[in-house]
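Please read through the structure below; I'll follow up with questions.
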Amino acid sequence: MGGSEERVVAVIMVGGPTKGTRFRPLSLNIPKPLFPLAGQPMVHHPISACKRIPNLAQIYLVGFYEEREFALYVSAISNELRVPVRYLREDKPHGSAGGLYNFRDLIMEDNPAHIFLLNCDVCCSFPLPEMLGNRHLYVHYTCTFNLWNQLRMLHCYLCFVLFFSSMFSEAHKRYGGIGTLLVIKVSVESASQFGELVADPVTKELLHYTEKPETFVSDLINCGVYVFTPEIFTAIQGVSSQLKDRANLRRVSSFEALQSATRSFPSDFVRLDQDILSPLAGKKQLYTYETRDFWEQIKTPGNVAGTIVLSDSSLSLANETAMKQIGPNVSISANARIGPGARLISCIILDDVEVMENGVVINAIVGWKSSIGKWSRVQAEGAYNAKLGITILGEAVTVEDEVVVVNSIVLPHKTLNVSVQEEIIL
């Protein structure tokens with residue numbers, strides 16, 4: 001492994017307002033990355049995880065939200081963690097790899113030896129220092145084994161001894177490829193929703209990668225957390241050049257050009273999964289680090305509710321003060337008012353919510369400033385990945401007394417005075 005003075009930067013992709021549409025209605029009045037998860041904005045968790053990386057020089061948030069939407073948070077988190085955090089706004093979507101490449105000059109200002117890349121909509125234990133350490137371990141193992149075999153064939157054991165220590169300190173730079181992916185095993189049924197991959201069981205080299213395949217490939221999936229060397233920029237540049245060359249060489253009619261314009265991506269739009277990971281798999285350029293801890297991708301409000309159960313964090317409350325029964329798996333934000341006799345299970349209560357006397361909330365997210373009347377019920381089955389698997393109340397929704405809301409989504413500023421089931425209230 002290189003010297004301890006090697007610097008590291010982290011880049012967190014936060015997307016933009018044209019993304020996260022599946023997160024509505026909760027994202028209608030707040031950017032998805034700033035939605036509270038475990039009492040903190042969603043993006044706070046990967047930022048806090050980056051704080052544990054040795055020799056961290058800078059954290060960049062890359063997206064195409066307006067800068068004003070992140071200005072206050074970026075300033076506050078920089079002061080809180082005492083780590084420079086900077087928001088970089090894309091002029092347009094460039095893809096997961098293209099967005100990284102678009103700001104390559106700024107990212108390389110600190111001359112980092114490693115670049116962590118994280119998707120904001122991932123919730124896990126973020127074993128970032130372990131990924132960096134095991135990356136070197138896998139590379140050293142492979143290089144040691146190959147070099148030993150070569151020197152043994154040359155009967156040059158003395159050479160092996162002389163080069164042994166230097167090899168362990170320089171192997172990563174010489175043979176380490178350009179990156180490591182965080183991976184996890186999931187059920188066969190759910191694997192096709194993600195990028196599936198095959199890795200060497202010994203060296204952990206990435207051998208094959210395919211994004212959301214139609215047929216089963218592997219139960220090992222990509223977690224959306226990476227560590228790269230700066231050579232990743234060369235790989236992205238190569239893909240971008242190929243896309244430009246193809247566009248220039250291919251002759252099409254004006255009609256075909258109009259048709260393809262709606263289907264193809266511009267040359268500066270480079271996807272990390274299809275355009276970088278898939279072509280480099282099996283070329284000793286990418287390695288994997290498997291986590292056995294919890295992991296969840298947060299695409300929908302249901303995923304947010306699911307993370308409370310998965311993480312088994314301090315969100316889980318269980319008490320019966322003032323005849324209230326709260327828990328398990330409940331998150332209650334500041335200034336919420338919970339009346340006597342209320343029952344809360346597997347739910348998220350946001351700021352300034354009032355649950356009145358004997359109100360029940362089960363498998364639901366209750367939006368800011370909403371009110372649930374006496375003896376009312378807001379509940380769902382708890383199928384976190386289903387469209388109506390949890391009930392969601394947008395901002396300032398009023399559920400009047402003795403009203404039951406089941407498996408429904410209610411947009412902001414609505415008043416319900418009759419019971420509803422499996423409906424979307426616009």
Side-chain angles (χ1 to χ4, degrees), residues 23-30 35-40 300-384 386-426:
F23 208 72
R24 295 173 181 170
L26 300 177
S27 60
L28 290 175
N29 62 325
I30 186 173
F35 181 82
L37 177 65
Q40 296 286 355
T300 67
N303 299 145
V304 174
T307 58
I308 298 178
V309 178
L310 281 173
S311 62
D312 191 28
S313 68
S314 58
L315 292 177
S316 183
L317 306 175
N319 59 54
E320 298 183 5
T321 58
M323 298 301 293
K324 295 187 287 284
Q325 298 184 46
I326 302 176
N329 307 319
V330 173
S331 172
I332 302 177
S333 297
N335 304 317
R337 300 175 298 283
I338 312 300
R343 184 71 173 105
L344 309 181
I345 302 174
S346 298
C347 62
I348 297 175
I349 308 297
L350 297 176
D351 288 354
D352 295 318
V353 166
E354 181 175 16
V355 180
M356 296 184 186
E357 179 181 343
N358 297 308
V360 176
V361 183
I362 302 175
N363 294 318
I365 299 177
V366 183
W368 307 267
K369 302 176 183 178
S370 292
S371 173
I372 298 175
K374 299 176 181 178
W375 296 98
S376 290
R377 300 178 68 91
V378 175
Q379 63 186 64
E381 296 174 356
Y384 299 125
K387 184 175 182 180
L388 296 178
I390 68 168
T391 290
I392 304 168
L393 305 186
E395 181 183 23
V397 170
T398 299
V399 178
E400 295 190 349
D401 295 348
E402 301 181 21
V403 170
V404 179
V405 183
V406 180
N407 292 351
S408 297
I409 297 175
V410 184
L411 267 64
H413 306 287
K414 304 296 180 184
T415 297
L416 299 183
N417 52 20
V418 295
S419 297
V420 296
Q421 181 173 355
E422 296 184 349
E423 292 190 29
I424 300 177
I425 309 298
L426 302 176

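Since the structure is predicted, the reported quantities are computational estimates derived from the model, not experimental observations. Values reported hereafter were calculated over all heavy atoms of this structure, with side chains retained and with hydrogens, waters and symmetry mates removed.
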Which heavy atom of L411 sits nearest to which heavy atom of V397, and what is that distance?
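Here L411 and V397 meet closest at O-CG2, 3.4 Å.
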
Just checking E381: does its CD atom have more than 12 heavy atoms from other residues, nucleotides or ligands closer to it than 6.0 angstrom?
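No.
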
Checking W368 against L350 for the side chain to side chain contact (heavy atoms under 4.5 Å, CB included) test, could you report, in this order, the C-alpha distance in whole Å, the side-chain angles of both residues, the deciding distance, and whether it holds?
CA-CA 5 Å; W368 307 267; L350 297 176; 3.6 Å; yes

Could you state the interatomic distance from CD1 (I425) to OG1 (T415), rounded to the nearest 0.5 Å?
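Taking CD1 in I425 and OG1 in T415, the distance rounds to 12.0 Å.
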
Counting C-beta onward and ignoring hydrogens, is there a side-chain heavy-atom pair between P412 and L28 closer than 4.5 Å?
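Yes, close enough: below the 4.5 Å cut-off.
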
Check whether any side-chain heavy atom of P25 sits under 4.5 Å from a side-chain heavy atom of I409, and report yes or no.
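Yes, close enough: below the 4.5 Å cut-off.
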
Nearest-0.5 Å distance, OG1 of residue T398 to CD1 of residue I372:
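Answer rounded to 0.5 Å: 10.0 Å.
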
Can you tell me how far the OG1 atom of T391 sits from the CD atom of E422, to the nearest 0.5 Å?
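T391 OG1 to E422 CD: 9.5 Å, rounded to 0.5 Å.
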
Provide the full list of side chain to side chain donor-acceptor pair (under 3.5 Å) pairs with a residue in residues 369-380, sequence neighbours left out, each pair given once.
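Checked against side chain to side chain donor-acceptor pair (under 3.5 Å) - neighbours excluded - the pairs reaching residues 369-380 are R377-Q379.
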
Work out which heavy atom in K414 is nearest to a heavy atom in V410; give both atom names and the distance.
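In this case the closest contact between K414 and V410 is CB-CG1, 3.7 Å.
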
Quick one: does I332's side chain get under 4.5 Å of L344's, heavy atoms only?
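A side-chain contact exists here, since the closest heavy-atom pair is under 4.5 Å.
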
Taking every non-hydrogen atom, the tightest pair across M356 and D401:
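Smallest heavy-atom distance, with atoms named: SD-OD1, 4.5 Å.
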
Is the backbone of V404 close enough, under 3.5 Å, to the side chain of S419 for a donor and an acceptor to pair up by distance?
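Yes, S419 side chain to V404 backbone: donor-acceptor pair under 3.5 Å.
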
With distance as the sole test, does S408 use its side chain to make a donor-acceptor pair with the main-chain N or O of E423 at under 3.5 Å?
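Looks like yes, one N/O pair under 3.5 Å.
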
Taking every non-hydrogen atom, the tightest pair across A364 and V361:
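Heavy-atom minimum between the residues: CB-CG1, 3.8 Å.
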
For the side chain of N329 and the backbone of S346, is there at least one donor-acceptor N/O pair under 3.5 Å apart?
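Here the side-chain-to-backbone pair does not exist.
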
How close do I349 and A336 get, counting heavy atoms only, and between which atoms?
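Closest approach of I349 to A336: CG2-CB, 4.0 Å.
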
For I390 against I365, the heavy-atom pair lying closest together:
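Heavy atoms of I390 and I365 come nearest at CD1-CD1, 3.8 Å.
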
N363 side, atom CG; N407 side, atom CG - distance, nearest 0.5 Å:
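That separation rounds to 9.0 Å.
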
